[in-house]
Amino acid sequence: MKVRATVAAAIAALVMLGVAACAPIASLKPYDASDGVSTTVGQVKVLNALVLSKSGKDGNLLFSAYNPTDGPVDLNVQFGSDSDRTTVHATLKPDTTTNFGYGKKGQFLLAGLGVKPGSLAHIYFQYGNEAGSQLTVPVLDGSLPQYQNLLPTPTPTPTPTPTITPTPTATAG
């Protein structure tokens, strides 16, 4: 009886080892741990990109970009339809991660985005001669507390002030 229990325990241990060896290791699969999505363009890594918009008209693009090179990178960020794309530029310092849409740099306004919250926006990232990468970026409405203060605020346009032209007066002469 004691031998049977030992053999059964050994067989169970071998089966468990076999099952564990066949299971994929989840920590080796890349994934986006937050609300945004990520991509790599050339050597630059675009991390956790997401758009905040209240109405869908304008958006604030939040993302971080890591530039591992020893020179600055002018990252082109494009959005809109294929026939009418708008390009906004993001300058990345060398060997640094730069945050956009929040923090010291403030908002990264996508004026005229035209993608409603709950949808996905197609945002294209590219620099230099590198092949670009298009991301399907989630558009959130700012209802989550951590995003409420990051909704887009369009840049105010200056209103011209009227200049008063003096009325000419007749001079004696």
Side-chain angles (χ1 to χ4, degrees), residues 25-164:
I25 301 172
S27 63
L28 296 178
K29 293 182 181 180
Y31 69 98
D32 294 305
S34 188
D35 296 325
V37 292
S38 303
T39 189
T40 301
V41 178
Q43 294 182 38
V44 170
K45 294 186 183 313
V46 175
L47 308 165
N48 199 30
L50 64 97
V51 174
L52 295 176
S53 180
K54 193 69 173 170
S55 65
K57 180 182 175 197
D58 297 328
N60 181 19
L61 176 63
L62 281 67
F63 70 101
S64 297
Y66 172 59
N67 173 14
T69 69
D70 57 357
V73 167
D74 186 25
L75 185 66
N76 300 311
V77 180
Q78 292 185 336
F79 64 96
S81 65
D82 290 333
S83 61
D84 187 25
R85 293 184 84 60
T86 302
T87 302
V88 185
H89 301 281
T91 302
L92 311 178
K93 293 181 181 176
D95 195 30
T96 304
T97 298
T98 308
N99 300 320
F100 294 92
Y102 60 98
K104 290 181 183 178
K105 289 209 175 265
Q107 70 180 356
F108 194 86
L109 185 65
L110 304 180
L113 176 67
V115 179
K116 294 200 179 297
S119 301
L120 299 170
H122 299 287
I123 311 286
Y124 182 76
F125 296 89
Q126 189 276 332
Y127 72 94
N129 294 325
E130 296 295 334
S133 177
Q134 181 168 299
L135 278 177
T136 305
V137 178
V139 179
L140 305 178
D141 65 359
S143 60
L144 295 172
Q146 63 267 34
Y147 298 136
Q148 287 175 350
N149 295 330
L150 299 172
L151 287 165
T153 52
T155 307
T157 54
T159 54
T161 55
T163 55
I164 300 173

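When a residue number appears, it is its place in the shown sequence, counting from 1.
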[Y] side chain reached by [X] side chain, heavy atoms, under 4.5 Å:
X: Leu75; Y: Val46; value: yes
X: Asp35; Y: Leu144; value: yes
X: Pro138; Y: Val37; value: yes
X: Leu150; Y: Leu62; value: yes

### Query
Side-chain donor-acceptor pair under 3.5 Å between Ser64 and Tyr102, yes or no?
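Indeed, the side chains of Ser64 and Tyr102 share at least one donor-acceptor pair under 3.5 Å.
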### Query
Going through the checks in order, is the side-chain contact (heavy atoms from CB on, under 4.5 Å) test met by His89 and Asn76?
CA-CA 5 Å; His89 301 281; Asn76 300 311; 2.8 Å; yes
### Query
Given Val51 and Leu110, is the side-chain contact (heavy atoms from CB on, under 4.5 Å) satisfied, shown in steps?
CA-CA 9 Å; Val51 174; Leu110 304 180; 4.2 Å; yes
Nearest 0.5 Å please: distance from the [atom1] atom of [X] over to the [atom2] atom of [Y].
X: Ile123; Y: Leu113; atom1: CD1; atom2: CG; value: 6.0 Å
X: Phe100; Y: Leu92; atom1: CZ; atom2: CG; value: 5.0 Å
X: Thr86; Y: Phe79; atom1: OG1; atom2: CZ; value: 4.0 Å
X: Gln146; Y: Leu52; atom1: CD; atom2: CG; value: 9.5 Å
X: Leu50; Y: Asn60; atom1: CG; atom2: CG; value: 9.0 Å
X: Gln78; Y: Tyr124; atom1: CD; atom2: OH; value: 7.0 Å

Minimum heavy-atom separation for [X] to [Y], with atom names?
X: Ala49; Y: Phe125; value: CB-CZ, 4.5 Å
X: Lys54; Y: Asp141; value: CD-O, 3.9 Å
X: Gly42; Y: Tyr127; value: CA-OH, 3.7 Å
X: Asp70; Y: Pro94; value: C-CB, 3.5 Å
X: Gly36; Y: Asn48; value: N-OD1, 2.8 Å
X: Val139; Y: Ser53; value: CG1-CB, 4.0 Å

Can you tell me if [X] uses its side chain to pair, donor with acceptor, with the backbone of [Y] under 3.5 Å?
X: Asn67; Y: Lys93; value: yes
X: Asp58; Y: Gly112; value: yes
X: Thr96; Y: Thr98; value: no
X: Gln107; Y: Thr153; value: yes

#### Entry: Asp74 atom CG: more than 12 heavy-atom contacts under 6.0 Å
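Counting neighbours around CG of Asp74, more than 12 heavy atoms of other residues, nucleotides or ligands fall under 6.0 Å, so yes.
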### Task
Could you walk me through whether Phe63 and Asn99 pass the side-chain contact (heavy atoms from CB on, under 4.5 Å) test, one step at a time?
CA-CA 6 Å; Phe63 70 101; Asn99 300 320; over 6 Å; no
